[in-house]
Amino acid sequence: MNTAVLETNALTKKYKHTTALDHISLRLEKGEIYGFIGQNGAGKTTLLRLITGLSFPTQGELSLWGKSTPSGLQEQRRRIGCMIETPALYPNLTAAQNLEVQRIQRGIPDKSIIPGCLKTVGLQDTGKKKARNFSLGMRQRLGIALALLSTPEFLILDEPVNGLDPAGIVEIRRLLGQLNREYGVTILVSSHILEELYQTASHFILIDRGRIIEELTDRELDERCKRCLSIRTKDPQKALLLLEQKLDTEEMQLMPDGSIRLYEHTDEPELAAQILSDAGILVTGLQQEGDTLEEYFLNRIGGGRHGTAAEG
Ligand SMILES: Nc1ncnc2c1ncn2[C@@H]1O[C@H](COP(=O)(O)OP(=O)(O)OP(=O)(O)O)[C@@H](O)[C@H]1O
């Protein structure tokens, strides 16, 4: 098995009155995009801070590329780029100047990296415009450019789409997809809205009150949320063929219990019922199933309760 980019074992972080992270065990593989989803106060930032060495665990283990000693971790963290919370920008400097200041502060020798970073995030034409005049989306992208200065193999972003308009969200999604595809960057990106990372992430990690409540791939998420019409008939084989022909769709599945799942026309249950009854097939059950992404997430964390981290 390949070495994981990140592995945590029962990682725990307690503050005086709060258990912000409670025995988190995770394994992140190279080249994947992980969406880290949890409501406000769930513990997302706390985990990202532990990974990047901005804070230390109370208990448990953390390894990066198989290294878990303090010096090993310090060494491996050079391979990480991160933007945690609001990017620290100098408002009176341009995008290129902001990158240059950080490059020097972080001792990155190659000055020629700056135009490439700006181009990657689409800020190459901002010229003399100062960061204080940037839109929120531009600031987030500049924050990502700062994280890219060290050409990281592992990029960690804390809520990069928070507060962005739909166009801004799409821009960041595209950027993450591009970094992953073209440079093979492994990405861990947090959000409190599952929908925002859908289409971007290949894996989802759901966290609630300091605990991981579920890990699933994009396919599994699709499978589990996919809205469908569940149809029960006396003759499932015949019903399946008929619906396929009349609705001109293959988006159907015969389930082991004999019910049919129809993934199209889900808001028109009467249409399927009519087709079947016209052909003399008795419909014994017909119902809409499946969740929207947010419903799925809220159901997983307990019915839409607005959670805060567990008091410890
Ligand atoms: N330095 C700290 N001292 C005390 N409690 C803290 C500290 N940092 C975080 N916490 C608490 O730990 C819990 C998890 O916070 P964290 O910031 O990790 O959540 P989050 O999922 O990132 O939420 P948000 O989306 O609001 O940033 C919260 O209850 C928070 O109040």
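Counting starts at 1 for both ligands and their atoms, following the listed order.
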Subject >> Any donor-acceptor N or O pair under 3.5 Å, side chains Gln287, Glu289 >> reply: yes
**OP:** Give the numbers and elements of all ligand 1 atoms closer than 4.0 Å to a heavy atom of Thr46.
**Re:** 14 (C), 15 (O), 16 (P), 18 (O)
Original post:
Under the salt bridge (charged side-chain N to carboxylate O under 4.0 Å, His left out) test, which residues partner Lys13, sequence neighbours left out?
Top reply: none
Subject >> Residue Ala42 vicinity, atoms of ligand 1 by number, heavy atom under 4.0 Å >> reply: 19 (O), 20 (P), 21 (O)
Original post:
Below 4.0 Å from any atom of ligand 1, is there a heavy atom belonging to Gly43?
Top reply: yes
Original post:
So, the side chain of Ser25 versus the backbone of Ala10: is there a donor-acceptor pair under 3.5 Å, distance only?
Top reply: yes
Subject >> Heavy-atom gap Gln39 to ligand 1 smaller than 4.0 Å >> reply: yes
Original post:
Is Glu159 near ligand 1, meaning one of its heavy atoms is under 4.0 Å from it?
Top reply: yes
**OP:** State the atoms of ligand 1, each with its element, that fall below the 4.0 Å cut-off from a heavy-atom position in Thr18.
**Re:** 12 (O), 29 (O)
**OP:** May I ask you to check whether Gln102 and Tyr90 show a side-chain donor-acceptor distance below 3.5 Å?
**Re:** no
Original post:
Is there a nitrogen or oxygen of Lys44 sitting under 3.5 Å from a nitrogen or oxygen of ligand 1?
Top reply: yes
Subject >> salt bridge (charged side-chain N to carboxylate O under 4.0 Å, His left out) partners for Asp248, two or more places apart >> reply: none
**OP:** Please check if any side-chain donor atom of Gln178 sits under 3.5 Å from a side-chain acceptor atom of Arg181, or the reverse.
**Re:** no
